[in-house]
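Chain letters run A, B, ... following the sequence lines, proteins first and then strands; every chain starts at 1. We use all heavy atoms of the structure for the numbers below, so side chains are in, but hydrogens, waters and symmetry mates are not. All of these numbers come straight from a predicted model, not from anything done at the bench.
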Number of protein chains: 2
Amino acid sequence: MNRKPHIAIDAMGGDEGVRVMMAGVAEARRRHDGLRFTLFGDEARIKAALDNHPNLRAASEIVHTDGVVDASEKPAAAIRRAKSTSMGLAIEAVKKGDAGAAVSAGNTGALMAMAKLALRTMAGIDRPALAALLPTLGDNDVVMLDLGANTECDARNLVQFAVMGAAYARAAMELERPRVRLLNIGTEDLKGTDEIRDAAAILRASPQLAMQFDGFTEGDKLARGEADVIVSDGFSGNIALKTAEGTARFVTDLLRKAFTSSIRSKIGFLISKPAMHLLKHHLDPNQHNGAVFLGLNGVVVKSHGSANAAGVANAVHVAARLLEADITQRITSDLARIDALGKMELAS
Amino acid sequence: MNRKPHIAIDAMGGDEGVRVMMAGVAEARRRHDGLRFTLFGDEARIKAALDNHPNLRAASEIVHTDGVVDASEKPAAAIRRAKSTSMGLAIEAVKKGDAGAAVSAGNTGALMAMAKLALRTMAGIDRPALAALLPTLGDNDVVMLDLGANTECDARNLVQFAVMGAAYARAAMELERPRVRLLNIGTEDLKGTDEIRDAAAILRASPQLAMQFDGFTEGDKLARGEADVIVSDGFSGNIALKTAEGTARFVTDLLRKAFTSSIRSKIGFLISKPAMHLLKHHLDPNQHNGAVFLGLNGVVVKSHGSANAAGVANAVHVAARLLEADITQRITSDLARIDALGKMELAS
């Protein structure tokens with residue numbers, strides 16, 4: 001039921017409004033021929049936005065609803081009125097099998113709670129995780145998870161995240177055996193918590209998995225391109241992701257200050273603008289927009305609230321790729337390989 | 001006993017050799033008039049290095065030892081032969097009261113273990129923490145702790161780290177009431193682990209402390225200058241520190257690539273070199289070298305293994321400042337303010 005090339009869009013989420021969402025979806029549609037969409041939200045505004053995008057209009061149907069989940073709304077409150085909101089209806093479409101994936105730029109907590117409740121966690125997965133692709137100095141991006149869905153995790157959770165992350169890397173980057181590492185505070189076997197060491201022991205003892213487990217990595221090596229998947233609990237993953245974002249912004253702010261500190265450096269800046277543009281392009285969060293909730297019966301992608309049209313297009317592209325690669329089935333068959341050898345016989 | 005303006009130096013630690021260590025100590029000596037040193041290590045090599053630094057030679061005595069702690073040596077092994085090593089003897093000098101502080105660029109694990117064993121944890125502190133100053137976009141640096149001494153921490157540990165970090169910020173940046181925040185994955189009260197929420201509750205209920213507790217902060221705000229002290233467990237703190245270091249390097253590497261991508265951008269780079277120099281200066285880890293073990297009976301500072309002379313000078317400067325500010329006494333009197341109100345009555 002998840003293989004339909006059909007994506008449900010929450011047209012109302014996001015800080016940038018319906019027009020930006022529609023422009024982004026239209027852009028993604030150009031990359032994925034044959035993809036169809038159901039657009040949930042204010043019909044009049046959606047229709048107005050579609051005037052500029054006949055290609056998307058031809059591939060979409062609109063389902064009207066007045067309800068919108070507020071950015072500051074508590075997940076519990078949002079869940080109670082899910083089926084009257086654009087976010088809740090988009091997820092419901094995945095549950096009913098009308099769509100294979102849902103994309104929303106709305107309230108992350110509400111989206112996660114609604115998705116878990118409606119789609120339920122996959123058989124064999126204890127907890128879903130939030131994953132995203134981050135840029136590296138290597139040829140490929142790196143899949144990082146969990147980015148904040150689970151504050152505390154046991155070894156079993158971490159192993160399941162590794163399996164899900166590897167399936168994502170195989171789907172998104174067409175790698176046969178993605179190189180997987182656990183985020184830790186050192187690379188020696190003794191480092192870290194019991195949970196991390198136990199997870200490493202299980203992964204080391206599971207060569208039948210479609211991944212190459214390479215042990216630990218540290219915070220300063222996230223962007224080195226030495227791993228295709230980096231696994232952590234949601235607390236550390238969130239700290240790492242946000243620290244990376246904040247530091248990149250810090251350095252570019254310093255750069256801006258430096259380049260406007262004198263006439264000479266201003267001239268240098270103007271001359272080297274193409275170089276700066278290249279840098280900005282590489283660090284633009286829109287280029288890596290689209291975090292996926294992995295481990296649910298259906299694909300749910302979170303687009304950043306402040307993403308521009310190119311960012312929204314990337315989030316939809318992530319959903320389309322995972323749908324085309326049948327990510328849920330890939331994870332299921334990988335989990336079966338661990339269970340068959342009884343490697344997951346840990347207290348859950 | 002810790003107030004003597006006398007610092008014990010492990011001359012042999014560090015990857016850059018005795019000459020770089022001595023050049024750094026000599027530079028620090030120029031900033032702190034009246035400071036005296038005992039230099040532990042290979043007498044012949046130390047003497048040779050001092051030939052270039054008559055100012056330091058006049059303010060130092062040398063204690064010869066052949067033993068050096070190896071970079072890869074296990075802490076337990078290093079401890080057994082501590083008193084025959086330059087690192088162990090430097091710490092021993094603090095224990096005996098011959099010096100108020102010790103500085104080493106050697107093996108961090110061994111230094112931490114030796115320091116804990118020889119100096120013991122201060123009364124009122126359950127676990128020492130590793131703290132460092134990091135650059136921000138604001139006027140001041142920010143004190144971050146713990147950076148890796150304690151993988152897991154309870155609320156009581158986090159509160160003690162906040163007290164120690166605030167004392168450090170007052171000493172290093174001459175702030176009366178440093179603004180303190182706990183590192184978390186969101187700023188709402190409900191976010192994070194029980195330990196973090198409990199620590200926040202204790203700090204909120206302790207206005208008598210010489211700090212302004214401002215709740216939580218996130219990884220993307222470390223360098224914003226909104227906090228003077230950021231407190232975390234050693235796992236998250238280590239992930240954040242290393243991710244920040246790695247991302248800064250990632251961005252500057254991208255920058256280098258961008259600036260050499262065409263003749264035009266190369267010319268721009270040459271013209272704006274002073275700007276780039278400014279940026280590099282701000283991000284140079286040597287500018288922020290010197291991590292402190294807070295919470296011991298005596299000051300112990302770890303200089304980065306690869307620090308240059310300017311970096312070593314900063315590490316010695318950190319030690320001198322903390323010694324002059326009598327950091328240990330400050331922490332003791334702050335802890336008394338919490339205990340007096342019975343705020344720390346948590347299971348330890």
Colleague: OG1/Thr243(B) to CD/Glu245(A) distance, rounded to the nearest 0.5 angstrom?
Modeller: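 The CD atom of Glu245(A) is 11.5 Å from OG1 of Thr243(B), to the nearest 0.5 Å.
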Colleague: Enter the distance from Asn238(A):CG to Ser236(B):OG here, rounded to the nearest 0.5 Å.
Modeller: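 The distance works out to 10.0 Å.
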Colleague: Highest number of heavy-atom pairs under 4.5 Å with chain A: which of Ile185(B), Thr252(B), Leu183(B), Leu190(B)?
Modeller: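 Maximum pair count with chain A is reached by Ile185(B).
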Colleague: Rounded to the nearest 0.5 Å, what separation is found between the CZ atom of Phe250(B) and the OG1 atom of Thr136(A)?
Modeller: 6.5 Å
Colleague: Heavy atoms only, distances under 4.5 angstrom: which of Ser232(B), Pro135(B), Ala244(B), Gly192(B) has the most pairs with chain A? Name it, please.
Modeller: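 The option with the most such pairs is Ala244(B).
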Colleague: For Leu134(A), which atoms come within 4.5 Å of any heavy atom of chain B: side chain, backbone, both, or neither?
Modeller: neither
Colleague: Top residue by heavy-atom pair count (under 4.5 Å) with chain A, among Ile239(B), Leu222(B), Leu241(B), Thr151(B)?
Modeller: Ile239(B)
Colleague: With a 4.5 Å cut-off on side-chain heavy atoms, are Arg249(B) and Arg224(A) touching?
Modeller: yes
Colleague: Name the option with the most non-hydrogen atom pairs under 4.5 Å to chain B; the candidates are Gly148(A), Gly186(A), Ala240(A), Gly234(A).
Modeller: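 Among the listed options, the one with the most contacts to chain B is Ala240(A).
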Colleague: Assess whether atom NE2 of His304(B) is packed by more than 12 heavy atoms of other residues, nucleotides or ligands within 6.0 Å.
Modeller: no
